[in-house]
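Here, residue 1 is the first one in the sequence, and each next residue gets the next number.
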Amino acid sequence: MFKTKISKVLGVVLTAAMVLSMFAVATPVAAANQAWSKIALPGSGATGGYVVSDTDMRFYDIGILEWNADKTAVYATAVYDDGDDTLVRVFKSTDAGRTWKMVFSNWDGSNPVLDGDYIFDVCASSVNANEVYFTDGSEIYTTKDGGVTWNKLSNLVTYATSNFVTAIPDGDIVTLDVGYAGANKYVFAGTATFGGVGINGVYMCQETAFGMPWTDLDVIGQRDDAWDSCNVWDVVVDPTDFATKQGIIAVAEDTTLGFEATYITAKYFGNQWNQPATCKDAEVMQGNDTPISGVYHAELWLPSDFSSSLTSGKFQAWLALATMYDQGDVYLWYGNSTKTIDLNVSGLDTETEVSDIDGAGGVGTAKLIIGGYTNTSDWKPKTWYSADGLTFTKTSKAPTGSHSWFDEDVTVLALADFATSGKALAGTGGWDCGVSYTADFGKTWNTISMMRQAINEVANIAGNLFVVTYDYVEQSVWRLSGGVYERVFSTSMFDADGDIDVAVSPAGDAVFVASLGGTKIWRSLDVDEDGDINGQTFTAQVSNITTVAGSALISSWFVSNANTILVGGDNVVYQTSTNGVLWFGRPCAVGIVTSFAVSTDGSVLVATGSLGKVSKSIDGGVTWSTPSDAAPTVSATSLVTFQNGSNSVVYLTGSDGGAFKYDFAATTPAWVQIDNAVTTGETFDSGSYADVDEGVGIFSGIASGGNVLYVLDGSWDNLIRITNVGTSYKAGIIDVPATADDATKLIGIAAPGANMLYGIFDDELYVYTDKMAVPVANVQTSKVTTTGFTITWDALNVDNTAVTVEYYVVITDAATAVKVCYGLPTGTATIEATTLKVTGLDEDTVYQISVWAVDPVMSFVGTASVATQPEKLTYNFNLMPTNGASNVPVNPVFAWDSVSTAVSYDLILSTDPTFADATKVLATKNLTTNYWAYDGTLTNSTSYYWKVRVNTANSTSEWFPAVFTTVKADAAPVEVNNPPAITLTVPPAETPAYIWLIVAVGAVLTVAVIVLIVRTRRVV
């Protein structure tokens, strides 16, 4: 990838380098390797399951949580709008409140559907899982298909007016229930006037009758002493025998001037209310002696074995009551008693407004979950749990939210196995509202869905898996557990004085949250049932770094263990080994400390800062060494990490760019830049400079065959991957995720053969699993000839999808170190196959083979050594006996021309032409001479097969085979004397006779001439 030089300015707030050896992640993500994969964060809107709010659409109040008949779906009401219009919605969840689907909205385009801005009650059929009712105070809506379609019942007020019902209600419909008597279905409604006096009561609609007629059950008048007016805050039908007894129970407030009081009242068998024979009124009294008025919400909970028989001992219920005048609480009611019992959930001296109650079990086994507020505190949501229905324990970590008058502010819902698991949901209203979850009977709650907060930025991750996200106002820490997110920390719960960050101790026994740019640190030691840290409750340190330096702020931080923390300051490291009980300032002259790192074995710490220097500590941060020289590129924000497996080599990057190495153990320590080496297609995995322009994250991983370093570039948003073997550093580029930009942080988990990298890109979180920090394995050769061979290797298994790996092959003459072949024989291209045939090489030559992957990123090199074969023996090498010879003596001598490079020869003699049958092999010899005399006697008239090959210092030639036939038994023996070595001797040639004749004639003539000369010179 070639970088396009477009200037980007990205302000980076550095947090501490983290030890993540305990980082075991179960992420909801398609597990691609060698490519960035997006990790799903808590989702907003319809496609995100309404876990968090959209930036422009917020949850303001969670109203009601209600099961359907078979507890396969939860229905919830909530205000979810842009702040300009009150949009009341009904949602449905089929995963116990983790995600939701909107099934009703009070706006249809630009027109309101509901008459009011609230949904006051939701009631589910007890027999039909798809049948649900709700009321907005004026109308009652019902669905018979699980929320797909909704219809109205007949209007109570309109029907009462036209049919002269006894008392036309003045207030709103605030409560609903449904009863069944054979084929007849009855809907009951209670009405009330908020903060006032009116004619209200309990009304019944026979839904299955024509016209859906309403009947006034006349709570006001059907009694011995009629009331002037009243409010009905809750109505329930007898859950066990309504079909026979027609029992109806209501929480009614007598608003008669001067006689204000609140009662649990009931009617059975069609009789009037308050009948001693069946069930007389029980007054609800604060402290068991003070009448109650000013109610704004009531909720009855009946046990599973409820019985309206006066002698059963199970005519019993619990009442949650919220009032305007500090008279709310949980009250215990016994049928036909004259008053209830105030259970004082918060104790005798604290009044509690209880807005909801739910539970599991029967009369003697009831386990209750309570939601509400205490009037003497900050009016934030609280819950209580009772294991016996009589005594209560307050939550230690409450759901987030705040108080808003008479809107179902804390609603609770026991999940199906609540009695044994303690699992329940709570819905809250007001600021930072949401649906929260508990798995410990309400002791601790985590918000899981319908949150007011949005996610505009991801700031950091740590542990297994804690994620920090930012909204415009509030900040959150999420825990990913079992594939789902729960918010375990919110700045709405604490007074944070900076941007929060999260860290997990190396041993995995503590989770910390720090306020960067501030002074506060919180710690959690909670563990789950498996003993893993789960970050439930957080407690602030008793003191902070301001006890050492009044103006000190947390610029960076590092967690060493559950009690020891380092905080970066200006040329100082603040240290505590007592979780903030005592802090100490430790001089560290690196400027403003911006990053810490720890060696793999935990023995050495290093710190770097705004001066671009590093200093080390071997005593846990108590003392720091004289800092190094500054790195060549000095960064105001520097990041440091140890080379994996080393306690002396560190790498550094920073906001001014570059990647540098420093070895404290070197004879002369010095910075070496390692990110700007030119890379080429013949050698590395990138065709450009893989340089770092703005380092925002650095991590050293495990590599088999060398070292691998990862640096996140905030300027280009890509990842620079630098491999190291010996002193050779080679850099490549991992592209930014296709849908992301604005890289801000890199966090890694080192693992053999599969380093896992987490990258934060603006408001998105990605994971990259690097399976290529290993050598190509099992490089082998086959089909070796005098001029080539075939290379094979194991494929790098880097992905479970369709990632294509491309390889590069280099072949080098081992003696001269000259590269004689690159990649394919026809050029320098990479290949996708895991085999390569090479030809055109020199014979009897040793070659070094290097194979590595170059795409999607570069692997380490796998190697093999192979020698081409020497030339094999042929007919030209004067084999004796020659191939096809006959009449060969039965005591033969085998010979051939010597080969200058041979160190030995192999020979095999057999009667099997294939040489495969070992029983037919007569001789197997390894010889240092080029001849051998057979030391036995062969059979006459028999064919024998023999073959010979050459062994050199580098390789072995192919076999050269031959065959001969021995002499017949009656043939004249032929004596063959072979010399030790075949030597061709040429005897002197014989002179022809005519030559000697010419010589004789010449001699005679010579003598004659001499005689004539002598005669002619005689003296006379």
Side-chain angles (χ1 to χ4, degrees), residues 10-20 459-462 499 501 503 514 516 554-559 566-569 573 588 590-600 604-617 627-644 646 649-662 664 671-676 691-701 707-722 731 742-750 755 757-761:
L10 178 62
V12 178
V13 178
L14 173 68
T15 57
M18 294 194 170
V19 178
L20 294 176
N460 201 5
I461 60 174
D499 292 329
D501 191 23
L516 297 179
I554 302 173
S555 61
S556 59
W557 67 311
F558 180 80
V559 175
L566 306 178
V567 169
V573 171
C588 184
V590 295
I592 297 174
V593 180
T594 55
S595 177
F596 296 93
V598 66
S599 60
T600 307
V604 184
L605 286 166
V606 290
T608 186
S610 57
L611 299 179
K613 302 178 179 182
V614 290
S615 177
K616 72 174 181 177
S617 172
S628 71
D629 293 335
T633 301
V634 178
S635 296
T637 301
S638 295
L639 299 171
V640 67
T641 189
F642 271 92
Q643 182 183 94
N644 192 278
S646 173
V649 178
V650 296
Y651 297 107
L652 181 139
T653 189
S655 55
D656 292 336
F660 305 93
K661 172 191 174 184
Y662 189 88
F664 283 96
W671 289 102
V672 178
Q673 188 163 0
I674 60 174
D675 67 314
N676 63 346
D691 57 339
V692 180
D693 288 352
E694 182 189 1
V696 297
I698 189 167
F699 169 69
S700 176
N707 295 297
V708 61
L709 180 73
Y710 308 89
V711 184
L712 188 62
D713 192 332
S715 179
W716 305 104
D717 304 321
N718 52 30
L719 188 65
I720 307 301
R721 182 179 182 271
I722 305 172
D742 294 334
T744 60
K745 190 174 289 295
L746 176 71
I747 298 170
I749 304 95
N755 295 311
L757 309 172
Y758 288 87
I760 296 175
F761 299 84

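Inter-residue side-chain proximity for V606 and F664 is flagged as met; some heavy-atom pair is nearer than 4.5 Å. At least one side-chain heavy atom of I674 sits less than 4.5 Å from a side-chain heavy atom of Y651. Contact annotation: the side chain of D693 approaches that of W716 to within less than 4.5 Å [non-hydrogen atoms, C-beta and beyond]. Side chains of T608 and V590 form no contact here, defined as non-hydrogen atoms less than 4.5 Å apart. Counting heavy atoms from C-beta on, the side chains of I720 and I722 come closer than 4.5 Å. Residues L712 and I698 have side chains not in contact (no heavy-atom distance under 4.5 Å, counting atoms from C-beta outward). Counting heavy atoms from C-beta outward, L757 and L719 have side chains that approach closer than 4.5 Å. Contact check for V650 versus Q643: no side-chain heavy atoms found under the 4.5 Å cut-off.
Considering CG of L709 and NZ of K661, their distance stands at 11.0 Å, rounded to 0.5 Å. Distance CG/D717 to OG1/T744: 9.5 Å, rounded to 0.5 Å. Here the CG atom belonging to D713 is positioned 5.5 Å from the CG atom belonging to N718, to the nearest 0.5 angstrom. To the nearest 0.5 Å, atom CZ of residue F642 and atom OG of residue S700 are 11.0 Å apart. In this structure, the separation between CZ on F596 and CG on L566 is 5.0 Å, given to the nearest 0.5 Å. The structure places CG of L746 at 9.5 Å from CG of L639, a figure rounded to the nearest 0.5 Å.
Here the two rings, on Y662 and F660, have centers that are 6.0 Å apart or farther.
When all heavy atoms are compared, the tightest approach of L652 to A631 is CD2-CB, 4.0 Å. Nearest heavy-atom pair, C588 versus A607, reported as atom, atom and distance to 0.1 Å: SG-CB, 4.0 Å. The minimum heavy-atom distance between G569 and S555, with the atom names listed, is N-OG, 4.0 Å. For S638 against G609, the heavy-atom pair with the smallest separation is OG-O, 3.3 Å. Of all heavy-atom pairs between V692 and A659, the closest is CG2-CB, 4.4 Å.
Judged by distance alone, the side chain of T641 and the main-chain N or O of F699 form no donor-acceptor pair under 3.5 Å.
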Handout entry: side chain to side chain contact (heavy atoms under 4.5 Å, CB included) between F558 and V598, intermediate numbers included
Key = CA-CA 9 Å; F558 180 80; V598 66; 3.8 Å; yes
Exercise for the section: I would like to know whether K745 and N460 meet side chain to side chain contact (heavy atoms under 4.5 Å, CB included); could you show each step before the answer? Expected result: CA-CA 7 Å; K745 190 174 289 295; N460 201 5; 2.9 Å; yes
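With respect to S635, the side chain to side chain contact (heavy atoms under 4.5 Å, CB included) criterion is satisfied by exactly one of S595, S610, S655: S655.
Looking at N755 and Y710, their side chains do bring a donor and an acceptor atom within 3.5 Å of each other. Under 3.5 Å, the side chains of D629 and W671 contain no donor-acceptor pair of N or O atoms.
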